[in-house]
Protein chains: 2
Amino acid sequence: MGSEAIDNCLKAIYQLAGDDERATTAGLAEQLAISPASVTGMLKKLSESDPPWIEYQKHHGARLTDRGRARALEIIRHHRLIELFLHRVLDYSWDEVHVEAEKLEHAISETFEDRIAHVLGDPEFDPHGHPIPRRDGTLPDRADSDLIDMEPGTDAEVSRVSDHDPTMLQHLSSIGVRPGVRIHLLERRPFDGPLMLRVGDDRAVHAFGARLAGSIRIRDIRSTAA
Amino acid sequence: MGSEAIDNCLKAIYQLAGDDERATTAGLAEQLAISPASVTGMLKKLSESDPPWIEYQKHHGARLTDRGRARALEIIRHHRLIELFLHRVLDYSWDEVHVEAEKLEHAISETFEDRIAHVLGDPEFDPHGHPIPRRDGTLPDRADSDLIDMEPGTDAEVSRVSDHDPTMLQHLSSIGVRPGVRIHLLERRPFDGPLMLRVGDDRAVHAFGARLAGSIRIRDIRSTAA
DNA sequence: ACCTAAATTTAGGCACGCCTAAAAATGGGC
DNA sequence: GCCCATTTTTAGGCGTGCCTAAATTTAGGT
Ligand SMILES: [Mn+2]
Ligand SMILES: [Mn+2]
Ligand SMILES: [Mn+2]
Ligand SMILES: [Mn+2]
């Protein structure tokens, strides 16, 4: 049914537009690192498939059908389960898992998916804090917000970090930032300056510029029971 | 460098012709389940690659170059490590591992290969008793011979079984045949009749026809220290 | 409403990996 | 040494997934 190119396209639409928004040709071209012309060809094919993966109107982008969304979530489930498996079972570091998962997500069977899910205890989040879609297509939800919008003087817990830049992951790891870790925002420096914050129990203060802060999401601290 | 089609072709040449014999177009077509014409095209490409994967003379088949053999062994190493990993870590049964490994062998990185080899303790044989090539391209060797040639009245140990037919593997499993198990050949029935033998400590006598017996290799019993 | 820049689609092309049908080479039997 | 069955190659074609260049559509600014 679905080739690797098709799966990647559906996943990209989901990541750019979510459940019911439309993804643009240009956005997909950027995400997939292929030309806009190639995207147009792919979108036409996906919408003319029977049954269709997407709903597509020329010049107005693509939206996933139920089938398309189910397939996208299936691939994302593979990706995130594999990431966690590589990290926990095969001792991959945080920044190595994404690239390997990007290939393996298309190669594993449903059996493999089930077995690693079982070995991992049916996990809900991957090593970067991203929710792992369940087999039925629902997503574990965790209310979180952008670090950028955090109130100075407050505490929060790291919810998730972007997994696309290995060097950024290495840096975050080196200063102790990972999902579940508590942070305290001291202040936001003026004119879109860096966020000054403390990580965990570390006394050091770190300056987070826009790029770095923009790749982190946080959630309110839960019962800060000492 | 190597696509999946190329890797499969090199592996097939190795399996049909070994290190230094030539594989025929027809043999490869059968093994790869593609047309002879497609094989010819592939062989031409492999021999004209720079550096070449094979040595090829029209109408006289293909022989692996050093590079081609190294690549074939690399893929076979992936395959057999993955089979053992699926069996040991993910609880796959004996007959399920081959199909999954056939896909994954092309998708994993060198890192993945190293990590599963390490988790498994640098194993030398896969679940079917096939030798796992080492990273340097050498093969663990275990002198074995065909069950067909076994002397009636003697004992031996199962060395390896063919892994291509899942139903045969299920059957062998059900009667207790797996690498390392001791067998005793009672007699060979006349006119190419079945081999009558006992498996392990089981009192039952099993009849092995030509198909079944031909898929099993054995080795002399090692120190039968009670 | 129109004009134009940006986004998108169309047109044409290429490599890969496969196919079938037709042509050609091989080699064993005589 | 020739013939013919078998094997192999050549010729031509197809779908996928990508490309570039040219045409077209859209939408924002006035
Ligand atoms: Mn799945
Ligand atoms: Mn992730
Ligand atoms: Mn390898
Ligand atoms: Mn095997």
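A note on names: the letters A, B, ... follow the listed sequences, proteins ahead of strands, and every chain is numbered from 1. The shown structure was predicted, so the numbers you read here are calculated from the model rather than taken from an experiment.
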Arg160(A) to Phe125(A) six-membered ring, cation-pi geometry met (6.0 Å, 45°) | no
Tabulate protein N/O versus nucleotide N/O from nucleotides 5-12 of chain C, keeping only pairs under 3.5 Å, one per line.
{"from": "dT8(C)", "atom 1": "OP2", "to": "Ala26(A)", "atom 2": "N", "distance (Å)": "2.8"}
{"from": "dT9(C)", "atom 1": "OP1", "to": "Tyr56(A)", "atom 2": "OH", "distance (Å)": "2.2"}
{"from": "dT9(C)", "atom 1": "OP1", "to": "His59(A)", "atom 2": "N", "distance (Å)": "3.0"}
{"from": "dT9(C)", "atom 1": "OP2", "to": "Thr25(A)", "atom 2": "OG1", "distance (Å)": "3.1"}
{"from": "dT9(C)", "atom 1": "OP2", "to": "Thr40(A)", "atom 2": "OG1", "distance (Å)": "2.4"}
{"from": "dT9(C)", "atom 1": "OP2", "to": "Tyr56(A)", "atom 2": "OH", "distance (Å)": "3.4"}
{"from": "dT10(C)", "atom 1": "OP1", "to": "Lys58(A)", "atom 2": "NZ", "distance (Å)": "2.8"}
{"from": "dT10(C)", "atom 1": "OP2", "to": "Lys44(A)", "atom 2": "NZ", "distance (Å)": "2.8"}

Figure out the NZ/P separation between Lys45(B) and dT9(D), and round it to whole Å.
-> 16 Å
Residues in contact with DNA chain C, drawn from residues 7-23 of chain A - heavy-atom cutoff 4.0 Å | none
Rounded to the Å, how far apart are Ile34(A) CD1 and dT20(D) P?
-> 11 Å
Distance in Å, Ile13(B) CD1 paired with Leu43(B) CG, rounded so as to fall on 0.5 Å steps = 5.5 Å
One should read off an interatomic distance between Arg22(B) CZ and Gln57(B) CD, to the nearest 0.5 angstrom, of 6.5 Å
Salt-bridge present (Arg134(B), Glu124(B); N to O < 4.0 Å) = yes
Shortest non-hydrogen contact from Ile183(A) toward Ile218(A) = CD1-CG2, 3.9 Å
Leu28(B) atom CG is separated from dT7(D) atom P, nearest whole Å, by 14 Å
Would you say the side-chain atoms of Asn8(B) and His106(B) include a donor-acceptor pair closer than 3.5 Å?
-> yes
For Arg189(B), look at atom CZ and say whether over 12 heavy atoms of other residues, nucleotides or ligands are found less than 6.0 Å away.
-> no
Quick one: is dT20(C) close enough that its OP1 or OP2 comes under 4.0 Å of any side-chain N or O from Ser35(B)?
-> no
Exercise: do Glu83(A) and His87(A) side chains pair donor with acceptor under 3.5 Å = no
Would you indicate whether Arg67(A), at its atom CZ, is surrounded by more than 12 heavy atoms from other residues, nucleotides or ligands within a distance under 6.0 Å?
-> yes
Measure from CD1 on Ile6(A) to P on dG15(D) and round the result to the nearest Å.
-> 15 Å
Rounded to the nearest angstrom, tell me the gap between atom CD in Gln31(A) and atom C1' in dC18(D).
-> 18 Å
Rounding to a whole Å, what distance do you find between His106(B):NE2 and dG17(C):P?
-> 12 Å
Between dC18(C) atom C1' and Leu32(B) atom CG, what is the distance in whole Å?
-> 12 Å
